[in-house]
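Quantities reported herein were computed from a predicted structural model and do not represent experimental measurements. Naming convention: chains lettered A, B, ... in sequence-line order (proteins, then strands); numbering from 1 in each chain. Computed over heavy atoms, backbone and side chain alike; hydrogens, waters and symmetry mates excluded.
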Amino acid sequence: MLDPRALRRDPELIAKALSKRGNAFDLTSYRELETTRHDLQTELENLQHERNEISKAIGQAKGDGLDIEPLKLSVREIGFRLDVVKQEFAKVRDELSAFLLSIPNVPHESVPAGEDEDDNLVLYERGEIPSFNFEAKDHVNLAPSFLDIELAAKISGSRFSVLRGPLAKLQRSLTQFMLDVHVEQHGYEEVYVPYIVNASSMTATGQLPKFAHDAFQVQHTEPMYLVPTAEVPVTNFVRDEILAADELPMKFVAHTPCFRSEAGSYGKDTRGIFRQHQFEKVELVHVASPDDSWDAFEELLGNAEAILKMLELPYRASVLCGGDLGFAAAKTVDLEVWLPSQKRYREISSVSNFLDFQARRAQARFRRRAGERPELVHTLNGSGLAVGRALIALMENYQNGDGSFCIPDVLRDYMGGVDSLKLVAPLSD
RNA sequence: GGAGAGGUGGCCGAGUGGUCGAAGGCGCUCCCCUGCUAAGGGAGUAUAGGCAAUCCCUAUCGAGGGUUCGAAUCCCUCCCUCUCCGCCA
């Protein structure tokens, strides 16, 4: 959520800043709502004040043994009027808050203008794109019977997968490796978190109310949601908390499955496990002081890149343009890994600084010094990395032409010493 | 699933329908005293909103309704936590 005070002070400025996203900010209805809210609130508070005064007087009169009936009568009209105004105010307040919750974050000044991913700005490329003297197979053809989409379709439906044997182990090894690096080398605390969250958590990080259709909802005593990313449960650690300055920065790493409905992506990336309703991700989350969040951003990006470097996968980094920027983010840098079968880079990590946008929704604050007013923290996160996509990238970039692919050095211990896999032969069971 | 207890400020914990935003304690901040690995004394210390505003006003005692001139306090619904029993990975 944007700062309501900043918005009130200069709505034009915010509208202009949001236009970088191609987001039309409705100044007219905002002004109308805000004016109505202000008028109603003033009237409401005045009425409440009057009522409080008289009620206080009644209390005193009663104590003094005086007749309180005339006073009661005088407060009656106020009560009626109050009921009406209270209702009107509640309605406008709810409308305004729904309006505010649906406004995306203001893009940082370094974010390029643009409509979609074609307008993203490539920062740099790293690693060496492999040159094969054979036709590169894609990940499906490299492990046909170990990656069973049909079986998953029977069990669940489209966009699910079953991984078998060594392929399942390889995905687990990747996960383990990433967690270990972030904990042992980058100073993160590993956390294990719920995979189902409540509506308040989803609202705090920005998935709700606007993007309900992207999430899987679970019906319980109240509506709950399968986590679309560990960002949701982990960032919500600090919801409604007032932290001490020395508790910052907080750095968490969590491995979770992620669930996305992928509504609106029909026909897109339908082959293999590239875009699934359920996928594994290792996520990094920072809770930072506002002074340090851009440093934290660089650190996070470096931490995610470190995994790609250690796996020796070719990748590039791009700043997302305004139009491609996620709802809550002020700035995002995507890491994209080279996929030989597609002969292009594809997203494997997304690193974002949300500034105080999520923190305001979450009321996540800290105190610089004891006795001072609490301030909103800054939140950031980044994939470190998307495990399923890392699996694809590894298989494809390390393929040898005979259907086998090598296991990168850093994973060999996790794989029990295995240095290559050949999974093109049918599964024998 | 059954039975019970409870949700109050950074924490613990009082609270009779009326001057309670809330006693007391702890913690924290500042000051004083003392000069020595301690203690004592004083003052302050919730959040959000309105306003140019220190002041002032409004709201908030798990959430939402209700009763009442007035609700932390009474009633209803929901959520959560804890204890015991049952079941269970």
Pairs: protein N or O with nucleotides 44-47 of chain B N or O, under 3.5 Å:
unit_1, atom_1, unit_2, atom_2, d
B:rU47, OP1, A:Arg367, NH1, 3.1
B:rU47, O3', A:Arg365, NH1, 2.9

Presence of A:His49 side-chain N/O under 4.0 Å of B:rC57 phosphate oxygens OP1/OP2: no

Between the protein and nucleotides 16-18 of chain B, which nitrogen or oxygen pairs are less than 3.5 angstrom apart?
unit_1, atom_1, unit_2, atom_2, d
B:rG18, O6, A:Lys62, NZ, 3.1
B:rG18, N2, A:Ser55, O, 2.8

Touch class at under 4.0 angstrom, heavy-atom based, for A:Arg76 against every strand present: nothing

Touch class at under 4.0 angstrom, heavy-atom based, for A:Arg93 against every strand present: nothing

Sugar-phosphate only, base, or nothing, as touched by A:Asn52 at under 4.0 Å among non-hydrogen atoms: sugar-phosphate

A:Ser201 backbone acceptor or donor facing A:Asn198 side chain under 3.5 Å: yes

Interatomic distance where NZ belongs to A:Lys86 and P belongs to B:rU68 [whole Å]: 13 Å

Phosphate OP1/OP2 of B:rG49 contacted by A:Arg5 side-chain N/O (<4.0 Å): yes

Whole-Å gap separating C1' (B:rG10) and CD (A:Glu247): 11 Å

A:Phe327: ring-ring contact (aromatic ring centres under 6.0 Å, His included) partners, not counting sequence neighbours: A:Phe211, A:Phe357

Rounded distance in Å between the P positions of B:rA72 and B:rG9: 14 Å

ring-ring contact (aromatic ring centres under 6.0 Å, His included) partners of A:Phe25, counting only residues at least two apart: A:Tyr30, A:Phe99

Gap between atoms CG and C1', on A:Leu82 and B:rC69 respectively (whole Å): 12 Å

Spacing of the C1' atoms in B:rC20 and B:rA46 (rounded, Å): 14 Å

A:His286 ring center within less than 6.0 Å of A:Phe354 ring center: no

Presence of salt bridge, A:Lys251 and A:Glu299, under 4.0 angstrom: yes

Atom pair distance, as rounded to whole Å: NZ in A:Lys72 and P in B:rU67: 15 Å

Whether A:Ser261 side chain and A:Ala263 backbone form a donor-acceptor pair below 3.5 Å: yes

Distance, C1' atom - from B:rG7 to B:rU58, rounded to whole angstrom: 26 Å

Atom pair distance, as rounded to whole Å: CG in A:Asp246 and P in B:rG10: 17 Å

Whole-angstrom distance between B:rG6 and B:rU73, as gauged at atom C1': 16 Å

A:Arg389 NZ/CZ over A:Phe279 ring centroid, <6.0 Å and within 45° of normal: no

A:Asn236 side chain to A:Arg239 backbone, donor-acceptor under 3.5 Å: no

Parallel, tilted or perpendicular: rings of A:His182 and A:His186 (30°, 60°): tilted

With sequence neighbours excluded, residues passing ring-ring contact (aromatic ring centres under 6.0 Å, His included) with A:His277: A:Phe160, A:Phe216

Interatomic distance, A:Glu34 CD vs B:rC51 P [rounded to whole Å]: 8 Å

Interatomic distance at P, B:rA23 relative to B:rG44, whole Å: 12 Å

A:Glu283/A:Lys281 salt bridge by N-O under 4.0 Å criterion: yes

C1' atoms of B:rA48 and B:rG21, separation to the nearest Å: 13 Å

Nucleotide B:rU19, atom C1' - distance to CD of A:Glu53 in whole Å: 11 Å

Structure string for RNA chain B in dot-bracket form, Watson-Crick and G-U at under 3.5 Å, | interchain: ((((((((.[[[..)..(.....]]]((((((.......))))))(((((.....))))).[[[[[..)....]]]]])))))))....

hbond_proxy A:Glu45 side chain to B:rG49 base (donor-acceptor, 3.5 Å cutoff): yes

Upstream residue (5' side of RNA chain B) when A:His220 and A:Asp3 are each assigned their closest nucleotide: A:Asp3

Identified side-chain hydrogen bond (donor to acceptor under 3.5 Å, both in side chains) partner of A:Ser352 from the options A:Thr332, A:Asn105, A:Asn381, A:Asp334: A:Thr332

Distance in angstrom units between A:Arg360 CZ and B:rG49 P, rounded: 10 Å

Euclidean distance for C1', B:rA63 against B:rC11 (whole angstrom): 23 Å

B:rU60 to B:rU19 separation - P atoms, rounded to the nearest Å: 14 Å

Heavy atoms of other groups near A:Glu12 CD, more than 12 under 6.0 Å: yes

